[in-house]
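Working notes for the structure below.
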Amino acid sequence: MKIIVTKDNIEGGTKAFEIIKNGMSNGAKVLGLATGSSPISLYSDMCNSDLDFSEMTSINLDEYYGISPENPQSYHYFMQKHLFDQKPFKKSYIPNGLAKNIDEEVENYNQIIQENPIDIQILGIGHNGHIAFNEPGTPFGSLTHKVTLAESTIKANSRFFNNEKEVPRQAICMGIRSIMQGKKIVLLAYGASKQDALKALVEGPVIEKVPASILQDHPDVTIICDQIAAKKINPKYFTI
Ligand code: GLP
C-alpha cells in the first residue's frame with residue numbers, strides 16, 4: 001500500500017490525475033468512479049486536461065435509492081456536473097436509483113462490472129470506514145446490493161441536503177468484492193474527520209467492522225490524503 005501525503009486536496013487531485021493519466025497511456029479503458037467531496041479536485045483536473053475519455057468506460061460505485069437522476073442530490077447529477085458534461089465517456093454506468101425491480105438492477109450492475117473489468121478504481125472513505133456505501137459489517141464477499149445507510153452516514157451526507165430528513169435511507173452500491181477486483185485502487189481522503197478511518201484502514205486489523213481495512217489485502221492501492229487526515233497514521237507507513 002502506498003500512502004502519499006499532500007498539502008491539500010488540490011495537490012491530492014493532481015497526484016490522482018497523474019495516476020489516471022499514466023494508467024490511460026498504459027492502456028486503461030475502464031475507470032471506477034466515486035462521488036462525495038474528495039474526488040472533486042481530481043475531476044476538475046480531468047476536465048481541465050486535454051485527455052480524451054470518449055473511448056473510455058466509467059462505472060460508478062453507488063446511487064441513492066428512490067431519487068431521480070435529475071435530482072441535484074443524486075449521484076447521476078453530481079457526475080454530470082463535475083465530469084461528464086465536460087468530459088463525456090463512451091459509456092458511463094451508474095446504478096438506477098429509481099429501478100422498480102431491485103433484484104434485476106443489482107443483477108444487471110454485476111453483469112456490467114463483470115463485462116468491463118475496472119482498471120483504476122477511485123474511492124473515498126466514510127467517517128466510519130465505509131467504502132462506497134458499504135457500511136460497517138458488510139460482508140467482504142459482497143457484490144452489488146441494496147444498502148440501508150448507517151445513521152452516521154446520513155448525518156455526514158446531510159450537508160448536501162436541506163436537512164437530515166431529506167437524505168435517502170437506502171442506496172444501491174457496488175459490493176466490496178467487486179471493488180477489490182479493480183486492478184488499481186486510488187483512495188482519496190482529506191480533513192480531520194477522516195483521521196480515525198484512515199488510521200484503522202492502514203494500521204488496524206482487517207475486519208468487516210472497518211470495510212476499508214480490506215484494502216490492506218489488495219496488491220495495488222494508493223492512498224492520497226492531506227496532512228490533517230494523515231495525522232494519526234504512523235509516518236513509517238508514508239511513501240512520500
Ligand atoms: C458517501 C459516498 C462515498 C464517499 C463518502 C465520503 O457516503 N457514498 O463513496 O466516499 O461519502 O464522502 P466525502 O468525500 O464527501 O467525505
Side-chain angles (χ1 to χ4, degrees), residues 6 8-10 12-13 15-16 31-45 58-67 69 71-79 81-83 93-97 109 113 118 120-138 142 144-161 164 166-176 178-180 182 185-201 210-215 221-226 228-230:
T6 62
D8 53 23
N9 62 329
I10 305 298
K15 295 275 179 204
L31 299 184
L33 298 178
T35 50
S37 52
S38 307
I40 290 179
S41 55
L42 161 65
Y43 296 156
S44 154
D45 278 6
S58 68
I59 305 182
N60 261 78
L61 288 168
D62 45 16
E63 176 60 286
Y64 288 114
Y65 184 57
I67 59 179
N71 185 318
Q73 266 72 41
S74 75
Y75 286 166
H76 273 82
Y77 192 96
F78 175 100
M79 290 309 301
K81 177 175 163 198
H82 290 287
L83 186 60
Y93 298 101
I94 305 179
N96 176 6
Y109 215 65
I113 297 165
I118 293 172
I120 306 174
Q121 176 67 59
I122 303 300
L123 288 181
I125 185 169
H127 303 166
N128 61 3
H130 76 217
I131 42 177
F133 271 134
N134 292 294
E135 299 286 19
T138 305
S142 59
T144 305
H145 55 143
K146 182 168 141 189
V147 299
T148 297
L149 305 186
E151 272 310 311
S152 60
T153 301
I154 292 167
K155 219 176 248 328
N157 289 5
S158 64
R159 68 189 195 277
F160 299 114
F161 293 79
E164 213 174 298
E166 280 185 15
V167 185
R169 268 38 188 176
Q170 293 181 310
I172 301 173
C173 168
M174 194 189 286
I176 295 179
S178 310
I179 292 173
M180 287 293 281
I185 294 181
V186 179
L187 182 141
L188 307 167
Y190 308 110
S193 67
K194 302 295 169 73
Q195 284 174 355
D196 291 329
L198 271 189
K199 188 178 175 65
L201 150 58
V210 182
S213 65
I214 189 70
L215 299 175
V221 174
T222 302
I223 294 174
I224 299 175
C225 55
D226 61 8
I228 303 168

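No experiment lies behind these values; they were computed from the predicted model shown. Order of appearance sets the numbers: ligands from 1, and atoms from 1 within every ligand.
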Assess Y190 for proximity to ligand 1: is some non-hydrogen atom of it under 4.0 Å away?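 For ligand 1, residue contact (heavy atoms, under 4.0 Å) with Y190 is absent.
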Within ligand 1, which atoms have a heavy atom of [X] less than 4.0 Å away?
X    : value
H130 : 1 (C), 5 (C), 7 (O)
R159 : 13 (P), 15 (O), 16 (O)
D62  : 8 (N), 9 (O)

What is the closest protein heavy atom to [atom], and at what distance does it sit?
atom                    : value
atom 12 (O) of ligand 1 : G36 CA, 3.9 Å
atom 2 (C) of ligand 1  : Y75 OH, 3.6 Å
atom 4 (C) of ligand 1  : T35 O, 4.0 Å
atom 14 (O) of ligand 1 : S38 OG, 2.5 Å
atom 16 (O) of ligand 1 : K194 NZ, 2.5 Å

Can a donor-acceptor pair be found, under 3.5 Å and without considering hydrogens, that links the side chain of Q121 to the backbone of I185?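 Judged by distance alone, no pair lies under 3.5 Å.
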D62 side-chain N/O to P95 backbone N/O, donor-acceptor pair under 3.5 Å: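 No, because the side chain of D62 does not come within donor-acceptor range (under 3.5 Å) of the backbone of P95.
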Show the nearest heavy-atom pair for residues [X] and [Y], with the distance to one decimal.
X    : Y    : answer
A34  : M79  : O-SD, 3.9 Å
L31  : I118 : C-CG2, 4.4 Å
I125 : A189 : CG2-CB, 3.8 Å
A197 : H127 : CB-O, 3.6 Å
P136 : N128 : CD-ND2, 3.4 Å

Hey, looking at atom 3 (C) of ligand 1, which of G126, A132, G124 has the closest heavy atom?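 Among G126, A132, G124, the closest heavy atom to atom 3 (C) of ligand 1 belongs to A132.
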N or O pair under 3.5 Å between I125 and ligand 1: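 Among all N and O atoms of I125, at least one is under 3.5 Å from an N or O of ligand 1.
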Heavy-atom contacts under 4.0 Å between L123 and ligand 1: side chain, backbone, both, or neither?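 For L123, there is no contact with ligand 1 at all, from either part.
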Residue from V147, L61, T138 passing side chain to side chain contact (heavy atoms under 4.5 Å, CB included) with F133: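 Checked V147, L61, T138 against F133; only one passes side chain to side chain contact (heavy atoms under 4.5 Å, CB included): V147.
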